[in-house]
Amino acid sequence: MSNHKSSIISPLHSIEAVLPSEVSDTSYHKLTTLSVITEFFPPDYAATGQLIEELVKQLEKQGIMIRVFTGQPGYAFTTAKAPALEQLGNIRVQRSRSTQLWSKRIRGKAVNGVLFTLRTFLHIIKNARKNDVFLLTSAPPFLSIAGYFAHLLLKFPYICLIYDLYPDIAIALGVVSKKHWLAKFWWAVNRQIWQKSKGIIVLSPAMKERVIAICPEVADKVSVIHSWGDSELIFPIAKEKNWFAKQHNLDTKFTILYSGNMGRCHDTDTILATAQKLQDEPIQFVCIGGGPKRESFIQDVTRLGLKNFLFLPYQDKSVLPYSLTACDLSLVSVEAGLESLVAPSKLYPALAAGRPIAAICPKNSYLRQLIADGEFGISIDNGESINKRSNL
């Protein structure tokens, strides 16, 4: 599952692939600076921020000057504040002041995202330079609006990197109706933004199909670039040689690991039901991370009196090689109805760790094809608490 070589794709070639020929022949080959706009960047431990950090470091090695505009850390281990301006080789990181209003609630995150988007617009207007290309992430989900309006004023090219597809996720989660004016307006704005972009990056074939269904005019602009795991950092380690496994008494038990965000898009109910049926077996469930569902998940485990669960907080990046290999099976989950809207990035570090994968997902999820092609695990239907084929 891992050849202990870096599994990070060539980001420079990937970005070139999403640019139409007229941009590749001009702006791209003259490109000296790539401006990356993202709300999350280390010391934040959010997965999107860590992926962007790995991306820009790879680009820097290929001679590209990088400018990152981001926010102050909202999810960090040791600090709530990072330098407003930081130079890391050829990577210049500028951080806006942070706003964390009701950050654990949907509305609070939306307000914080809007404020960051406004600061982004002002930053772009003040700092855009000739031959810049802007990479606009979907963190927050309406960040590309700032790039769109700045493009109308300054005509610079921009690329949209879509991690999660909104308003579709909000609709699937019941936050807003698809008939609501906000959803219709958001779709209309997305279509305008995508049509003006020079490229659109999505994380799965299903997301590509969804984007094209919403806006057929951009079919030739959409590219699928999967997330990755850095197998120079994360590689197979035997449990008996793993200090993390020994520290948490996992080295003598069959351990099932869920590592990462326990968010609204992730199926925790199926995990809970499985653990309930297996509570008398020598099997340990370990959940590492945080997210909106974490507290309710812990409460359900306590209410049911389950003793086969261990909850741990997010781990520092230096611990990941050990936490991710302190198991016998890794879990990835996607809620029913969200298979074309999100792509769990936790899959790829789990693969680098060399552990088999159990993916809890809808029948039409792209994860099933990946697992079948790679022969690295099993797929489980949402609500199927014990897969009869695997018998764990």
Side-chain angles (χ1 to χ4, degrees), residues 8-28 31 34-38 47-48 51-52 55 59 133-152 156-172 178 183-228 265 334 337-345 347-348 361-362 364-370 373:
I8 297 178
I9 56 176
S10 172
L12 185 59
H13 295 158
S14 299
I15 290 178
E16 183 178 24
V18 305
L19 292 174
S21 58
E22 67 269 19
V23 179
S24 297
D25 292 341
T26 55
S27 300
Y28 175 78
L31 175 66
L34 176 70
S35 291
V36 180
I37 312 294
T38 178
T48 52
L51 287 168
I52 289 295
L55 172 69
L59 287 166
V133 171
F134 283 78
L135 181 65
L136 301 161
T137 71
S138 61
F142 28 77
L143 181 60
S144 54
I145 294 174
Y148 170 73
F149 282 114
H151 164 79
L152 294 181
F156 60 80
Y158 65 90
I159 302 166
C160 296
L161 171 53
I162 301 175
Y163 290 119
D164 306 308
L165 191 57
Y166 282 87
D168 304 62
I169 289 177
I171 294 169
K178 66 179 180 181
K184 294 179 180 179
F185 176 73
W186 202 331
W187 276 320
V189 170
N190 281 346
R191 284 190 284 267
Q192 289 296 315
I193 292 170
W194 296 342
Q195 289 181 57
K196 289 293 185 180
S197 73
K198 294 301 181 182
I200 302 165
I201 302 171
V202 295
L203 306 184
S204 74
M207 289 179 73
K208 177 177 180 177
E209 292 176 6
R210 189 68 168 252
V211 168
I212 294 173
I214 295 169
C215 187
E217 296 86 350
V218 300
D220 61 341
K221 294 183 181 182
V222 187
S223 296
V224 177
I225 302 178
H226 292 269
S227 294
W228 55 82
C265 298
V334 177
L338 296 170
E339 58 276 3
S340 63
L341 308 179
V342 297
S345 59
L347 169 67
Y348 304 93
C361 57
N364 57 342
S365 171
Y366 78 100
L367 293 172
R368 292 178 180 262
Q369 191 62 52
L370 282 181
D373 291 345

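Throughout, residue positions are numbered sequentially from 1 according to the sequence presented. Since the model is a prediction, treat every value here as computed from it, not as a measurement.
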In residues 202-215, what donor-acceptor pairs under 3.5 Å come from side-chain atoms, sequence neighbours left out?
from	atom 1	to	atom 2	distance (Å)
Ser204	OG	Met207	N	3.1
Arg210	NE	Asp168	OD2	3.3
Arg210	NH1	Ser340	OG	2.7
Arg210	NH2	Asp168	OD2	3.4

Check your understanding: If only atom types and distance count, is the side chain of Asn190 paired as donor or acceptor with the main-chain N or O of Tyr166 below 3.5 Å?
Key -> yes
Exercise for review: Give a yes or no answer on whether the side chain of Ser365 reaches the backbone of Glu339 with a donor-acceptor pair at less than 3.5 Å.
Suggested key: no
Exercise for review: Could you grab the distance from atom OH of Tyr163 to atom OG of Ser345, nearest 0.5 Å is fine?
Suggested key: 8.5 Å
Review point. Quick one: OG on Ser144 to CD1 on Ile159, what's the gap to the nearest 0.5 Å?
Key: 13.0 Å
Exercise for review: Could you tell me the separation between the OH atom of Tyr158 and the OG atom of Ser35, rounded to the nearest 0.5 Å?
Suggested key: 15.0 Å
Review point. Taking atom CG of Leu135 and atom CG of Leu161, what is their separation to the nearest 0.5 Å?
Key: 5.5 Å
**Study point:** Stepwise side chain to side chain contact (heavy atoms under 4.5 Å, CB included) test for Trp228 and Leu55
**Key:** CA-CA 10 Å; Trp228 55 82; Leu55 172 69; 4.1 Å; yes
Point to revise | Any side-chain heavy-atom pair of Leu341 and Cys265 under 4.5 Å | key: no
Review point. Taking side chain as C-beta onward, heavy atoms only, is Glu217 less than 4.5 Å from Trp194?
Key: no
Point to revise | Under 3.5 Å donor-acceptor, Lys196 side chain and His151 backbone | key: no
Practice item. List for me each residue that meets side chain to side chain contact (heavy atoms under 4.5 Å, CB included) alongside Lys178, sequence neighbours excluded, and say none if there are none. Key: Ile171, Trp187
Exercise for review: Could you tell me the separation between the NE2 atom of His226 and the CG atom of Leu347, rounded to the nearest 0.5 Å?
Suggested key: 9.5 Å
Point to revise | Thr137 side-chain N/O to Ile37 backbone N/O, donor-acceptor pair under 3.5 Å | key: yes
Review point. Is there a side-chain contact between Ser197 and Val218 (heavy atoms, below 4.5 Å)?
Key: no
Practice item. State, with a plain yes or no, whether a side-chain heavy atom of Ile193 is found less than 4.5 Å away from one of Leu136. Key: no
Check your understanding: Where is the tightest heavy-atom contact between Gly147 and Phe156, given as atom of each residue plus distance?
Key -> O-CZ, 3.8 Å
Revision key, fill the gap. So CD1 of Ile52 and OG1 of Thr38: to nearest 0.5 Å the spacing works out to 5.5 Å
